[in-house]
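We count ligands from 1, going down the list as the structure has it; atoms in each ligand are counted the same way.
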Amino acid sequence: MTLASSPPQRVVIIGAGHAGGSVAAQLRQDGFAGAITLIGEEPVVPYQRPPLSKAWLAGTSSLDHVILRPQEWYHDNDVDLRLDTCVAAIDRVAKRVTLHDGEAVGYDALVIATGARPRVLGLPGEDLAGVLSLRSLADAEALKAAMVPGKTIVLIGAGYIGLEVAATARKAGLKTIIVEREMRSAARVASETMSNFLERYHGDHGVEFIFNAAAKGFSGSGSVSAVELADGRVLDCDLVLVGAGVVPNDELAREAGLECSNGVNVDGEARTSDPAIFAVGDVSFRPLELYNTNFRLESVPNALEQARCVAHVLTGKPPHAPEVPWFWSDQYDLKIQLAGLPLDATSQLVRGDPATGKFAVFHLQGNVVRAVEAVNAPPEFMFGRKLIAAGTRVDLERLGDTSQSMKDVVL
Ligand code: FAD
């Protein structure tokens, strides 16, 4: 389906995060000459979130390294960047959005890039000072200020963000405890081999894990001083980070009557159920042709891929081939890279020895690689990604033998 007979003159983007900022940049790069309005409720130019749990939190990178582009770029490229501005409603009939101060901004094409927000647990004491979450630069500033050496931090949730913050907290000299409802770390996304490895690595760095445990509430007078677990245990602490996943900011889309499920439903061109409206990044529930399913991906590569896709559609460029989803995580000296999704894999094969801190777990369907988790193993990640994209059959014996080059595993 095409947008309209004539190309859009006015593109409005809601959400000046990684995806929204990238749509604006890609549009200009693709030669879009019309008006671009980029509206974001945060007071900062679009920035990268990954460093907020890693280098930025550790104090080894500055704001200049975190922002996507300097403020002047938006002026020089004629992008009307409205910061500190929240979109309150979408009027699909009049084709305009209403800002929180009542101003209306008209569009020919609208891009929803509102991202996601940390899940609130709804537990008693969650509003105490010192019970924090991590999504924005402001959140990271509050966390960084509270991460005083010698203090105790309890992380609720052993997902990738919790694990990254744990690594940074240990480096900063905090006593670090992770409370996880599941029986293992990153259970939603990682293989058991990977979970076991991460737990051992973090354990060696002094992180304490409590599995199969649910937080029941937080206590303290004024600020948090303890986490109460459902089994009655009480963990004394100075600081809590709740890292229990995110929920998509899809309320604007729902209120406007767009089809939503786990986020805003889009097609392979990132188009919603309204042909003039697109949704990109963490807020979008998108098709994954490679896996014959729909999924809400939470990653920078996904935000960039969909940004490129929308810009191509709006400038009449041919669509690009769908990419293999991928993600990375840095913890201590570990470079963790994940490609593909193990949704339909029927077996796993480990290449290398986790005890050496360098290995990869391949998720297979027969002889075909469907996903790979690589630790300090860039060739396995890069080749794995190519193999997933091509659906190439591999020799499993050679794949499991590190003396064989990844190039030689292809059948
Ligand atoms: P966001 O970047 O969240 O941007 C959405 C923006 O929309 C926000 O600024 C929000 O305030 C704004 N907004 C929402 N509603 C409105 C409204 N009504 N009006 C105006 N503005 C609005 N990904 C990786 O691939 N690798 C990593 O290592 C990694 N590490 C991460 C570490 C942390 C701490 C976090 C939080 C995320 C990490 N991610 C990582 C995920 C990655 O950052 C996200 O997938 C990416 O930011 C998604 O971009 P987005 O633009 O969809 O959402």
K.L.:
To the nearest 0.1 Å, how far is atom 9 (O) of ligand 1 from its closest protein heavy atom, and which atom is that?
P.N.:
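That would be Glu42 OE2, 2.5 Å.
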K.L.:
Could you find the nearest protein heavy atom to atom 53 (O) of ligand 1 and give me its residue, atom name and distance?
P.N.:
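Its nearest protein heavy-atom neighbour is Gly115 CA, 3.3 Å.
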K.L.:
Assess whether a salt bridge exists between Glu164 and Arg170, defined as any Lys/Arg side-chain N lying under 4.0 Å from an Asp/Glu carboxylate O.
P.N.:
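Judged by the 4.0 Å cut-off on N to carboxylate O distance, Glu164 and Arg170 do not form a salt bridge.
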K.L.:
So which bit of Ile14 gets within less than 4.0 Å of ligand 1, heavy atoms only: side chain, backbone, both or neither?
P.N.:
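Answer for Ile14: side chain.
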K.L.:
Side chain, backbone, both or neither: which applies to Thr85 and ligand 1 if a contact is any heavy-atom pair less than 4.0 Å apart?
P.N.:
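For Thr85, only backbone atoms sit under 4.0 Å from ligand 1.
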K.L.:
Taking 4.0 angstrom as the limit, do Asp282 and Arg296 come out as a salt bridge?
P.N.:
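Salt bridge absent between Asp282 and Arg296.
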K.L.:
Could you tell me which atoms of ligand 1, counted from 1 in the order shown, lie closer than 4.0 angstrom to a heavy atom of Arg135?
P.N.:
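Under 4.0 Å from Arg135, ligand 1 has these atoms: 1 (P), 3 (O), 36 (C), 53 (O).
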K.L.:
Output yes when the distance from some N or O of ligand 1 to some N or O of Glu41 is under 3.5 Å, and no in every other case.
P.N.:
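There is such a contact, yes.
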K.L.:
Check the angle between the aromatic planes of Tyr332 and Tyr201 and answer parallel, tilted or perpendicular using the 30° and 60° thresholds.
P.N.:
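The arrangement is tilted - the two ring planes meet at 30° to 60°.
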K.L.:
Does this structure show an ion pair linking Arg82 with Asp80, if we count only N-O contacts that are shorter than 4.0 Å?
P.N.:
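A salt bridge is present here (some side-chain N lies under 4.0 Å from a carboxylate O).
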K.L.:
Quiz question: by atom type and distance under 3.5 Å, do the side chains of Thr85 and Glu41 form a donor-acceptor pair?
P.N.:
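No, no side-chain donor-acceptor contact under 3.5 Å.
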K.L.:
Just checking Trp326 against Phe381, ring centres under 6.0 Å apart?
P.N.:
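For Trp326 and Phe381, the ring centres are under 6.0 Å apart.
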K.L.:
Tell me the contacting part of Gln48 for ligand 1: side chain, backbone, both, or neither, using a 4.0 Å heavy-atom threshold, strictly below.
P.N.:
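Under 4.0 Å from ligand 1, Gln48 contributes no heavy atoms.
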K.L.:
Going by distance only, is there an N or O of Trp326 that falls short of 3.5 Å from an N or O of ligand 1?
P.N.:
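No: no nitrogen or oxygen of Trp326 is under 3.5 Å from one in ligand 1.
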K.L.:
Heavy-atom contacts under 4.0 Å between Ala19 and ligand 1: side chain, backbone, both, or neither?
P.N.:
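Both backbone and side chain.
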K.L.:
Taking non-hydrogen atoms only, is Trp328 closer than 4.0 angstrom to ligand 1 via side chain, backbone, both or neither?
P.N.:
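The answer is both, backbone and side chain.
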K.L.:
Tell me the nearest of Glu298, His100, Arg49, Lys54 to atom 30 (N) of ligand 1, using heavy-atom distances.
P.N.:
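Minimum heavy-atom distance to atom 30 (N) of ligand 1 goes to Lys54.
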K.L.:
Are Asn302 and Arg286 close enough that a side-chain donor and a side-chain acceptor fall under 3.5 Å?
P.N.:
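Yes, side-chain donor-acceptor contact under 3.5 Å.
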K.L.:
Just so I know, are the side chains of Ile210 and Ile178 near enough to count as touching, which here means a heavy-atom distance under 4.5 Å?
P.N.:
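Result no, sub-4.5 Å side-chain heavy-atom pair not found.
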K.L.:
Can you tell whether the side chains of Glu182 and Arg184 come within less than 4.0 Å, N to carboxylate O?
P.N.:
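Not counted as a salt bridge, because no side-chain N and carboxylate O are separated by less than 4.0 Å.
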K.L.:
Show which atoms of ligand 1 fall inside a sub-4.0 Å distance from at least one heavy-atom site of Leu252.
P.N.:
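Near Leu252, meaning under 4.0 Å from one of its heavy atoms, ligand 1 has 18 (N).
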K.L.:
Side chains of Glu373 and His363: any donor to acceptor distance under 3.5 Å?
P.N.:
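Yes, a side-chain donor-acceptor pair sits under 3.5 Å.
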K.L.:
Between atom CZ of Arg69 and atom CZ of Arg28, what is the distance when rounded to the nearest 0.5 Å?
P.N.:
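Between atom CZ of Arg69 and atom CZ of Arg28 there are 12.5 Å.
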K.L.:
Quick one: CZ on Phe383 to CG on Leu399, what's the gap to the nearest 0.5 Å?
P.N.:
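So the CZ of Phe383 and the CG of Leu399 are separated by 12.0 Å.
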K.L.:
So which protein heavy atom does atom 23 (N) of ligand 1 come closest to, and at what separation?
P.N.:
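Result for atom 23 (N) of ligand 1: Phe327 CE1, 3.4 Å.
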K.L.:
Atoms of ligand 1 less than 4.0 Å from Gly17 heavy atoms?
P.N.:
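This gives 2 (O), 4 (O), 6 (C), 51 (O) as the contact atoms.
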K.L.:
Any atoms of ligand 1 less than 4.0 Å from a non-hydrogen atom of Gly281? List them with their elements.
P.N.:
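Contacts of ligand 1 toward Gly281, numbered from 1: 52 (O).
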K.L.:
To check your reading of the model: name the closest protein heavy atom to atom 16 (C) of ligand 1, its residue, and the distance in Å.
P.N.:
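Heavy-atom neighbour on the protein nearest atom 16 (C) of ligand 1: Thr114 CG2, 3.7 Å.
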K.L.:
Where's the contact between Asp330 and ligand 1, heavy-atom distance under 4.0 Å: side chain, backbone, both or neither?
P.N.:
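Looking at Asp330 and ligand 1, no heavy atom falls under 4.0 Å.
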K.L.:
Answer yes or no: is there an ion pair linking Arg92 with Glu255, defined by an N-O contact shorter than 4.0 Å?
P.N.:
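Salt bridge: no.
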K.L.:
Under 4.0 Å from a heavy atom of Pro301: which atoms of ligand 1 are those, numbered in the order shown and with their elements?
P.N.:
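Listed by number with element: 25 (O).
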K.L.:
Identify the closest protein heavy atom to atom 49 (O) of ligand 1: which residue and atom is it, and at what distance?
P.N.:
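Its nearest protein heavy-atom neighbour is His18 CB, 3.7 Å.
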K.L.:
Tell me which one of Ile39, Ile161, Leu143 gets a heavy atom nearest to atom 35 (C) of ligand 1.
P.N.:
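That would be Ile161.
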K.L.:
Going by an N to O cut-off under 4.0 Å, is there a salt bridge joining Asp108 and Lys95?
P.N.:
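No, Asp108 and Lys95 are not salt-bridged.
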K.L.:
From the options Cys86, Gly20, Ala113, Ser53, select the one whose nearest heavy atom is closest to atom 34 (C) of ligand 1.
P.N.:
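It is Ser53 whose heavy atom sits nearest to atom 34 (C) of ligand 1.
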K.L.:
Over 60° means perpendicular and under 30° means parallel, so classify the ring planes of His202 and Phe209, tilted if in between.
P.N.:
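Perpendicular, since the angle between the ring planes exceeds 60°.
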K.L.:
How close does the nearest protein non-hydrogen atom get to atom 46 (C) of ligand 1, and which residue and atom is it?
P.N.:
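Result for atom 46 (C) of ligand 1: Asp282 OD1, 3.9 Å.
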K.L.:
Give the atoms of ligand 1, by number and element, whose distance to some non-hydrogen atom of Ser299 is under 4.0 Å.
P.N.:
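Those atoms are 23 (N), 25 (O), 45 (O).
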K.L.:
Check each of Ala88, Ser133, Pro50, Gly243 against atom 38 (C) of ligand 1 and report the one with the nearest heavy atom.
P.N.:
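Heavy atom nearest to atom 38 (C) of ligand 1 belongs to Pro50.
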K.L.:
Nearest protein heavy-atom contact for atom 19 (N) of ligand 1: which residue, which atom, what distance?
P.N.:
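Result for atom 19 (N) of ligand 1: Val87 N, 3.0 Å.
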K.L.:
Counting non-hydrogen protein atoms only, what is the nearest one to atom 12 (C) of ligand 1? Give residue, atom name and distance.
P.N.:
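Checked against all protein heavy atoms, atom 12 (C) of ligand 1 sits closest to Gly15 CA, 3.8 Å.
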K.L.:
What are the atoms of ligand 1, with element, lying closer than 4.0 Å to any heavy atom of Leu134?
P.N.:
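Close to Leu134: 34 (C), 36 (C).
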K.L.:
Please say whether Val300 places an N or O atom under 3.5 Å from an N or O atom belonging to ligand 1.
P.N.:
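Yes - when backbone and side-chain N and O of Val300 are compared with those of ligand 1, one distance drops under 3.5 Å.
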K.L.:
Would you call Glu380 and Arg351 a salt bridge, taking side-chain N to carboxylate O under 4.0 Å as the test?
P.N.:
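Yes, this pair counts.
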